[in-house]
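Here the structure is laid out as structure tokens; the discussion comes afterwards.
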Amino acid sequence: MSPKNTFFIGVDVGTGSARAGVFDANGALLGSAAHPIAMNRPKPDFVEQDSENIWQSVCQSVRDALAQSGTPADQVAAIGFDATCSLVIRDQDNRPLGVTPDGDDNWDVIVWMDHRAVREAEECTATGAQVLKYIGGTMSPEMEVPKLMWLKRHHPDHWNKMGAAYDLADFLSFRATGNTARSCCSLTCKWTHLAHQDDPWDRDFLSQIGLEDFNAKTGIDAKALAVGDLIGTLSEQGAADLGLTTDCVVGAGLIDAHAGALGTLGEYLDGNLDQHFAMIAGTSTCHMALSSEPRFIKGVWGPYFGAIAPGLWLNEGGQSATGALLDHVVAMHPFSHGMGRDAHKLAGEKLLPMMQEKADLAPRLHVLPDFHGNRSPLADPEALGVISGLTLDQSEESFLKLYWATACAIAYGTRHIIDALNDTGYDITHIHLSGGHTASAVLVKLYADITGCTVVMSDCEEPVLLGSAMLAAGALDASNGSGGLANAARKMAGKETSHAPDTSAKADHDRRYAVFHMMHAHRKALDAVSKP
């Protein structure tokens with residue numbers, strides 16, 4: 001297959017849909033498609049999905065993207081998968097195994113945002129184990145270890161039937177190839193795998209939290225593959241499902257946000273990474289910073305070795321609800337009832353010209369955005385949101401001010417994370433933004449003005465898919481070792497558009513950011529009085 005006729009497919013499974021994109025060897029997107037995936041919420045804080053439904057949506061998306069691009073299946077050289085860090089449970093015969101007592105077995109995925117394991121996460125943190133150093137000192141209920149603890153305690157009959165547990169991206173690779181190999185990205189970021197050590201598992205910690213049978217139940221019995229390493233070629237069944245050929249190779253995958261980071265930072269892997277920061281912002285937001293040496297930052301996940309690219313350390317901050325928070329605020333306000341997505345469109349059209357005239361649109365209205373906890377840098381999953389400065393006004397003006405104040409709060413949360421990174425050796429000057437927030441001129445402007453950083457956006461309309469296509473291309477060049485991924489990323493990286501901060505807005509946002517910190521302190525004081 002000549003380079004001229006070589007094509008790559010990137011697959012991204014997000015919270016609500018599966019998407020696929022076909023790229024040429026230079027990173028040009030030739031066609032893409034998406035299909036929804038089902039969600040089940042049987043109880044508060046329980047969020048589940050169906051792995052077979054996800055796989056069907058992936059396969060349909062790949063077939064549709066191929067058709068749209070006009071690419072012959074036998075010209076697709078490699079495919080890469082990324083997905084949310086959701087937990088897939090299978091029995092000993094590789095059949096779906098339900099994750100909630102009295103629930104149906106098809107709901108075999110605990111979604112990343114599921115918070116059923118808050119108590120188990122607290123127990124992990126309370127151990128003070130050395131492995132916690134590499135996740136910011138605090139275990140999150142969004143990670144897989146506390147979810148496994150919950151299953152063993154609350155669903156023991158299914159725990160006894162378990163034959164394997166996968167991070168979702170690894171499950172997709174398994175369905176495609178039949179190979180159970182796991183990616184360094186998923187295991188290191190979500191399973192307490194220490195990729196920089198010869199023995200990557202802290203077995204004393206696993207025994208201490210009651211998971212001495214961890215390896216047997218999860219089916220993890222080997223060290224993880226580096227991102228972009230060759231897993232194998234498509235199996236006959238995988239090729240038939242996807243509409244590809246068994247000559248197509250598969251690379252070790254990524255968590256979805258990490259694919260976005262690779263897609264936007266790929267060309268900088270050999271440069272001054274301390275100044276570049278990837279932000280993948282949609283329903284939630286992930287913040288990714290890379291360095292050549294490990295940096296330990298309280299409340300920020302990592303340092304993770306090799307989680308995005310071989311040889312580099314990753315620090316990962318995050319906000320569990322950003323786009324979801326704006327959706328929630330729209331649903332809360334009486335003015336927007338019945339408007340649906342048009343409310344976001346109206347807010348964008350009305351607010352942007354107002355912001356260009358005046359930096360502070362609501363001096364007495366302030367929001368703490370922790371409606372689904374604070375992932376970073378406070379690492380408090382039970383933190384609550386706060387709105388200060390409400391009146392009885394239900395007008396359009398009231399809606400716009402609340403929407404703007406909420407968007408500001410989301411950007412202040414990002415600044416809070418950047419401050420924590422910069423305090424430990426980074427010098428962030430550029431935010432490489434991808435995800436749904438790139439479509440909001442209001443958010444793009446606020447991210448620049450509030451952080452003082454230049455916001456950079458890839459001209460590729462699907463940078464997350466591009467990241468997965470890059471790892472696919474790296475797998476095709478696996479004989480080149482770690483250079484395969486770096487070379488592919490450099491070659492496939494596209495052009496960029498930059499948005500500089502408005503320095504005239506700095507004083508107003510500095511003042512509001514000081515209020516943001518005061519509200520954190522006040523909430524903490526109120527919680528101390530209110531909690532029994």
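Just so it is clear, the values below take in all heavy atoms, side chains as well, and ignore hydrogens, waters and symmetry mates.
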- Task: Taking the side chain as every heavy atom from C-beta outward, state whether H287 and S376 have any atom pair closer than 4.5 Å.
- Result: no
- Query: Can you check whether L254 reaches V227 side chain to side chain, under 4.5 Å on heavy atoms?
  - Reply: yes
- Message: I'd like to know whether NZ of K506 has more than 12 heavy-atom contacts from other residues, nucleotides or ligands below 6.0 angstrom.
- Response: no
- Pair D510 + R415, salt bridge at N-O below 4.0 Å: yes
- Task: Have a look at F371 and tell me which of V367, L368, N374 forms a side-chain contact (heavy atoms from CB on, under 4.5 Å) with it.
- Result: V367
- I would like to know whether Q319 and T414 meet side chain to side chain donor-acceptor pair (under 3.5 Å); could you show each step before the answer? CA-CA 8 Å; Q319 294 162 282; T414 290; 3.1 Å; yes
- Close side-chain approach of Y412 and I410, heavy atoms under 4.5 Å: no
- Non-hydrogen side-chain atoms of S183 and L225 separated by less than 4.5 Å: no
- Task: Consider only side-chain N and O atoms of S320 and E142, and report whether a donor and an acceptor are under 3.5 Å apart.
- Result: yes
- Message: If only side-chain N and O atoms count, and only distance matters, is there a donor-acceptor pair under 3.5 Å linking W313 with S292?
- Response: no
- Task: With the side chain counted from C-beta on, respond yes when Y447 and H499 share a heavy-atom pair under 4.5 Å apart, and no when they do not.
- Result: no
- Message: Please give me the minimum heavy-atom distance between H430 and C453, naming the atom from each residue.
- Response: N-CB, 4.3 Å
- State whether a side-chain donor-acceptor pair under 3.5 Å links Q60 with D64. yes
- Task: For D502 and S504, indicate whether the former's side chain and the latter's backbone hold a donor-acceptor pair under 3.5 Å.
- Result: yes
- Message: Do the side chains of D360 and R512 get close enough for a salt bridge, i.e. N-O under 4.0 angstrom?
- Response: yes
- Within 45° of the ring axis of Y426 and under 6.0 Å from its six-membered ring centre, is that where the NZ or CZ of R295 lies? yes
- Query: Is there side-chain contact between L66 and V22, with at least one heavy-atom pair below 4.5 Å?
  - Reply: yes
- Message: Any heavy-atom pair between the side chains of I220 and T180 that's under 4.5 Å?
- Response: no
- Query: Would you call R182 and D170 a salt bridge, taking side-chain N to carboxylate O under 4.0 Å as the test?
  - Reply: no
- Side-chain heavy atoms of H258 within contact of L262, under 4.5 Å: no
- Worked check of side-chain contact (heavy atoms from CB on, under 4.5 Å) between T218 and W191: CA-CA 11 Å; T218 60; W191 297 69; 3.8 Å; yes
- Centres of the Y134 and F305 rings: under 6.0 Å? no
- Salt-bridge present (D327, R341; N to O < 4.0 Å): yes
- Message: Under the criterion side-chain contact (heavy atoms from CB on, under 4.5 Å), I'd like the reasoning laid out for M279 against H437: C-alpha separation, chi angles, the key distance, then a yes or no.
- Response: CA-CA 10 Å; M279 196 161 99; H437 293 199; 5.6 Å; no
- Check the pair T497, D459 against side chain to side chain donor-acceptor pair (under 3.5 Å), reporting the backbone distance first and the verdict last. CA-CA 7 Å; T497 300; D459 288 353; 2.8 Å; yes
- Message: Between E496 and H432, is the side-chain contact (heavy atoms from CB on, under 4.5 Å) condition met? List the steps.
- Response: CA-CA 9 Å; E496 298 173 326; H432 295 261; 3.8 Å; yes
- Task: Run the numbers on M355 and V442 for side-chain contact (heavy atoms from CB on, under 4.5 Å), then give the verdict.
- Result: CA-CA 8 Å; M355 292 164 61; V442 168; 3.8 Å; yes
